[in-house]
Amino acid sequence: MIDLDKSETRILVVDDEESLRLTFQMFLGREGYGPVLTASTFEEAMELIEQQTFDLIISDIVMEGASGIDLLRRVRDLGLECPVVMVTGYPNINTASEAVRLGAFDYLAKPVKKADLLRTARMALQQYGLWKEKERLTEEKERYQQYLETIFRSVRDMIITVDHDMRVVQMNDQAKSWAAMHMPGLAIGASLAEVAECFSGFAADAQKVLECREAVSEHRIEVNPDGGGHVVFRLCAAPLESQQGKDFLGAVLVFRDVSRLEDLEKRGKRTYFHRLAGVSRAMQTVYTLIENVGQVDTSVLITGESGTGKELVAEALHAESPRRDMPLVKFDCTSIPENLMESELFGHKKGAFTGADRNREGRILQADGGTLFLDEIGDISPLMQLRLLRFLQERTFYPVGEDRPVTVDVRVVAATNADLKQKVQRGEFREDLYYRLRVIDITLPPLRERQGDLPILVELFLARFSKRLNKNITGISDQALQLLAAYRWPGNVRELEHVVERACVLCPDDTITTGNLPEEVRSGGREGGATFMGAGVEAPTTVESKGVSSLSPENEKAHLLSIIAQTDGNKAKAARLLGIDRSTLYRKMKAYGLE
Ligand SMILES: Nc1ncnc2c1ncn2[C@@H]1O[C@H](COP(=O)(O)OP(=O)(O)OP(=O)(O)O)[C@@H](O)[C@H]1O
């Protein structure tokens, strides 16, 4: 039985006898019911009923003018469900039982005893309470059903539910229109197993779910319908259970025709290529170039701003070449002082110089049979330029202190974010070396010129950092993505990667929002045009996050000094704070004489 809150029950007593009205009002009021209102005529009662809602109406049958039965009829005509109790004198007992047939809850015979009145009132109110609760639950269920149906209708995926015997129970509109075109046999009531043999993958998934009561995760299946053609579906299946998994109802299959996507991918529209991500035309050109150039042994020069993915291109070139099982040796030309560079690259003989207490194999020899990646090639000294040119021309070299040449089979891939051509014009870089290196030139456009790549890169980094940070971040709000798209990205993909990493660290739930983005990005880069530095939460709070790329040379030098000091000389940390990589930092330090 449901509990009644008596003080919240509105009762109307209708009687033309004032003493009876007052007695009923007093009995009910003292019992805690309220408010209890009274009316002496049909008209007066109707006026109150139209103005407010009642939980119980107690009405005399015989009144001057319209009767209590008229009142009951009127109440039901208005669609009101509240219980009506009739009061009648002994001679009118038959009329009263007639009233019950017409929908009255009960009747009370005069003289009405207090106990009878209270018992009938309690029962009527309790029954009405139950009815209201049932109505509420039905309404809620209907609303929920509607809500589910709306989802069912509006998702772009096709959805089919099947029962234990694999008979189709429900199909959403997408599934229906797809079936009408490609598989007319697939309809509500049809057996999924029998519909078409070529769709056996669907039936197999459904069968698995029905047998194991476990979801089958998303996978792709190829289908060759009778009418010909070739269709690829992305399909997942899950058990269909009632609330709390008490009843097992069957399986739900969610699938999507991805043939067009597959076609696009096959036609060269690739989203990923080795560790590179991007769908823009520029990146498609880069992928194709790498594929073609990978097969030959010519030198390649990769150019592009800092953080555009030059190192990833070098890796992909190596992976695409027949040298892929041999070493890829990376050498950052700015990472070590000039005087040690020759020995580092070419190796040295024991005793070649003070401190050379044993023979040392250089990077070039380590790369024998494989690829040597020379990063930041624009920064090497004229002497090293000459040595490298000789090596590229003759494929032999002399380790420091050694007079016998060493021959190796190495493919050289170099990268720079400097404008080498300008350096050649200014006499800072050898023209002959430039052309030797640049047999093939792969240029990576800055991120701001290939905005179409942004969503896919964001998705890639979100998945990466969500996993690394052991979080469950599944997406980014449209508004946050719009801010990222509007930003100029002076630090390119590296900077974007740091921004997403920082956002993942700050994000408390499953969606990155604008609040998780740094101020620079939120203000559209208007904060003095400074680059976001990817400091994330690891940055000491005392370090002012300010980029370098837009500062004047004097300010940039001072800023570099300040960051290096604040990180206690830790170059890796300083570079990270500045949103540039270590080699760029070394280059800048060198340029400002800060070594
Ligand atoms: N197209 C891309 N897809 C996925 N990640 C990328 C892409 N481009 C760059 N990145 C990421 O951005 C960061 C910087 O890339 P990378 O080191 O290859 O750039 P770079 O051009 O060599 O930079 P620098 O000139 O400063 O050495 C890396 O973490 C890399 O994984």
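Computed from a predicted structure; not experimentally measured. First listed ligand is number 1; within each ligand, the first listed atom is number 1. Nothing fancy with the numbering, it's 1 onward along the sequence.
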Glu495 and Tyr487: side-chain donor and acceptor closer than 3.5 Å?
yes
Ser280 versus Asp453, side-chain donor and acceptor atoms under 3.5 Å:
yes
Separation of Lys208 NZ from Asp205 CG (nearest 0.5 Å):
6.0 Å
Minimum-distance pair of heavy atoms, taken over all atoms of Val410 and Ala367
CG2-O, 3.5 Å
Determine the minimum heavy-atom distance between Glu305 and Asn417, stating which atoms define it.
C-CB, 3.9 Å
Sorted by chain and residue number, the residues with a non-hydrogen atom under 4.0 Å of ligand 1 are Arg275, Leu276, Ala277, Met283, Glu305, Ser306, Gly307, Thr308, Gly309, Lys310, Glu311, Leu312, Asp375, Glu376, Asn417, Leu457, Leu460, Phe461, Val493, Arg494, Glu497, Asp581, Thr584
Not counting sequence neighbours, list each pair that qualifies as a ring pair (Phe, Tyr, Trp, His ring centres under 6.0 Å) and has a residue in residues 307-347.
Phe346-Phe397
